[in-house]
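One structure below.
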Amino acid sequence: MSEFDFDFDREIDRRGTWSVQWDGIADRFGVSDLLPFTISDMDFASPPVVLDALRDRVGHGVFGYTDWRLGDFRAAVRDWYATRYGADVDPEAMVYAPSVLNQLSQLLRMWTEPGDGIVVHTPTYDGFRKAVTGLGRELRGVPVGDPEALERELARPGSRMLLLCSPHNPTGRVWTKDELTGFARLAERYGVAVVSDEIHADMTGAGHRHVPWTEIAEAGPGRRWALITSGTKAFNFPALSGSYGFLGDPADRAAFVQRMETGEGLASPAVLSLTAHIAAYRHGAPWLDALRAYVAGTMELVRGRLADGLPELGWTPPQAGYLAWIDLRPLGIDSPEREAALQEELVTREKVAIMPGGTYGTPGFVRLNLGCPRAKSERGVDALVRAATRLRG
């Protein structure tokens, strides 16, 4: 099955659906009449197999309390990892939570104290920044691809956790097995816990291989690590909520489950989330493969538009995901002031909303969400080229 068997070019009006990206645009950009390329959800309908499964479940008509450990959910996750990644995951090692960021917040509370250092790669997903600093921990950033800086930060007094984004958001970097193995060795050397957020893994591009953290780290008593993820990103149903993870230490796992079911009062998950995950993992691979091919085509379109309009950028598509991380510093857009000037051009004259790099701690970049029909992507990149050209000139 190819991308042409699904209609990714169809434009769906999302206005009036309480969409953060479309209806909430004024909250971040001050005006509401903008074409958004912002928060990382997609403008595509979820896979037909997911929609069919949801209709069937809604048709049942009863929505009582549910338990994620019953039924097919854990087996579907296990089989997805086996077929997609060649990875053997233990269903008994799983935990469940409303979202990946909720899992992260719980693990920060379990494994660290206020004031502790949390090491991340920069640029940094803004959800990480909010979770870490909001809980009173110190965000300690190291540039992507700088192993010496990473070791320095992990060795610093007070560093308690390495928080990975794998693949990395916003750059789209896919960590190699050697890199991940190096991270694990450093974490063990300096007694640092590891949390690997792998929600973008299913969008890894052709020619690259995502390696789950479960394939890197050993499980057992004293093995303080977690892989946290969800099918909501790749199959585009984040509004249904739901995430799962794997914890290395059985005692930590039990403590996490108890924390969710008693302290947080979250014993019963959203049944439609379980339904959507099972359908996606059992039957959604053809749709996902078609989506990845479509996004790759869009990335090539963007590469061409940028090469024609702003050739000095030398931009290349990311290794994973549908987010284009574009370095504008060769144009002299390399400071918060110049970034603000670009945003003024984009918002006021071009009427588009594109995330500034400063949101992720790195002014001089933009993050352009290309999880949308190609016609919309064309409008976004052309607006960016015009705005950056005016600012440069």
Donor-acceptor contact present, side-chain [X] to main-chain [Y], <3.5 Å:
X: E345; Y: A340; value: no
X: Q103; Y: I228; value: no
X: K376; Y: L370; value: no
X: S159; Y: A155; value: no
X: N236; Y: M42; value: yes
X: D249; Y: P221; value: no
X: S32; Y: A26; value: no
X: S46; Y: F235; value: yes
X: S243; Y: S99; value: yes
X: E339; Y: P356; value: no

Applying the 4.5 Å side-chain criterion to the ILVMFWY set and letting contacts propagate, would [X] and [Y] be lumped into a single cluster?
X: L163; Y: V211; value: no
X: L368; Y: F44; value: yes
X: L51; Y: I278; value: no
X: V271; Y: Y96; value: yes
X: L227; Y: F73; value: yes

Could you check if a side-chain atom of [X] sits within less than 4.5 angstrom of a side-chain atom of [Y], using non-hydrogen atoms only?
X: V95; Y: Y244; result: no
X: L272; Y: V58; result: yes
X: L135; Y: R109; result: yes
X: D334; Y: P363; result: no
X: W225; Y: S196; result: no
X: L288; Y: M203; result: yes
X: L164; Y: L180; result: yes
X: D197; Y: L104; result: no

Walk me through it: do R305 and D382 pass the test salt bridge (charged side-chain N to carboxylate O under 4.0 Å, His left out)?
-> CA-CA 7 Å; R305 295 293 177 95; D382 289 349; 2.7 Å; yes
Other hydrophobic cluster members with V174, side-chain heavy atoms of Ile/Leu/Val/Met/Phe/Trp/Tyr under 4.5 Å, chained?
-> none
Quick one: name the residues clustered hydrophobically with V20, using the 4.5 Å side-chain heavy-atom rule over I, L, V, M, F, W, Y, and just say none if it's on its own.
->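 Members other than V20 - counting any ILVMFWY side chain reachable under 4.5 Å - are I39.
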Interatomic distance, L328 atom CG to L391 atom CG [nearest 0.5 angstrom] =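 Here the rounded value is 9.5 Å.
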For [X] and [Y], does a side-chain donor sit closer than 3.5 Å to a side-chain acceptor?
X: R57; Y: T275; value: no
X: T348; Y: E344; value: yes
X: T38; Y: R28; value: no

On the 0 to 90° scale, with breaks at 30° and 60°, tag the Y281-H277 ring pair as parallel, tilted or perpendicular.
-> perpendicular
Using the side-chain hydrogen bond (donor to acceptor under 3.5 Å, both in side chains) rule, collect all pairs that involve [range], keeping only residues at least two apart or in two chains.
range: residues 203-216; answer: E198-H210
range: residues 311-324; answer: E312-R392
range: residues 83-94; answer: R84-D289, Y85-D202
range: residues 121-132; answer: none

Centroid-to-centroid, F256 to W111, below 6.0 Å?
->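 No; W111 has its ring centre 6.0 Å or more from that of F256.
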Nearest heavy-atom pair of [X] and [Y]: which atoms, and what distance?
X: A97; Y: M260; result: CB-CE, 3.9 Å
X: V31; Y: I25; result: O-CG2, 3.4 Å
X: A307; Y: P311; result: O-CB, 3.2 Å
X: G205; Y: R292; result: C-NH2, 3.8 Å
X: R10; Y: A45; result: NH2-CB, 4.2 Å
X: R14; Y: D41; result: NH2-OD2, 2.9 Å

Output, in order, the C-alpha distance, side-chain angles, deciding distance and verdict of side chain to side chain contact (heavy atoms under 4.5 Å, CB included) for E113 and R160.
-> CA-CA 9 Å; E113 299 291 337; R160 295 290 180 263; over 6 Å; no
Ring pair (Phe, Tyr, Trp, His ring centres under 6.0 Å) contacts touching [range] (sequence neighbours left out):
range: residues 149-169; result: none
range: residues 330-388; result: W325-Y360, W325-F365
range: residues 13-41; result: none

Derivation and outcome, side chain to side chain contact (heavy atoms under 4.5 Å, CB included), residues V194 and F183 | CA-CA 9 Å; V194 178; F183 298 162; over 6 Å; no
Which is it for D43 and Q21 under the side chain to side chain contact (heavy atoms under 4.5 Å, CB included) test, yes or no, and what are the steps along the way?
-> CA-CA 10 Å; D43 291 331; Q21 181 166 192; 4.1 Å; yes
List the steps, then state whether side chain to side chain contact (heavy atoms under 4.5 Å, CB included) holds for V195 with F128.
-> CA-CA 11 Å; V195 175; F128 284 0; over 6 Å; no
Geometric cation-pi criterion, R374 with Y294: 6.0 Å, 45° =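 Yes.
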Name all pairs fulfilling the salt bridge (charged side-chain N to carboxylate O under 4.0 Å, His left out) condition that reach into residues 167-186, sequence neighbours left out, sorted by first residue then second.
->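 Non-adjacent pairs meeting salt bridge (charged side-chain N to carboxylate O under 4.0 Å, His left out): R173-E179.
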Scan for salt bridge (charged side-chain N to carboxylate O under 4.0 Å, His left out) pairs involving residues 262-286, sequence neighbours excluded, and state none if there are none.
-> D72-R282, D79-R282
State plainly whether the residues K351 and D33 are in salt-bridge range, i.e. N to O under 4.0 Å.
->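 A salt bridge is present here (some side-chain N lies under 4.0 Å from a carboxylate O).
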Identify whether the distance between the nearest side-chain nitrogen and carboxylate oxygen of R224 and E218 falls below 4.0 Å.
->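 Salt bridge: no.
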Of all residues at least two apart in sequence or in a different chain, which pass the side-chain contact (heavy atoms from CB on, under 4.5 Å) check with E337?
->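 Testing E337 for side-chain contact (heavy atoms from CB on, under 4.5 Å), a comparison that skips the adjacent residues, returns S335.
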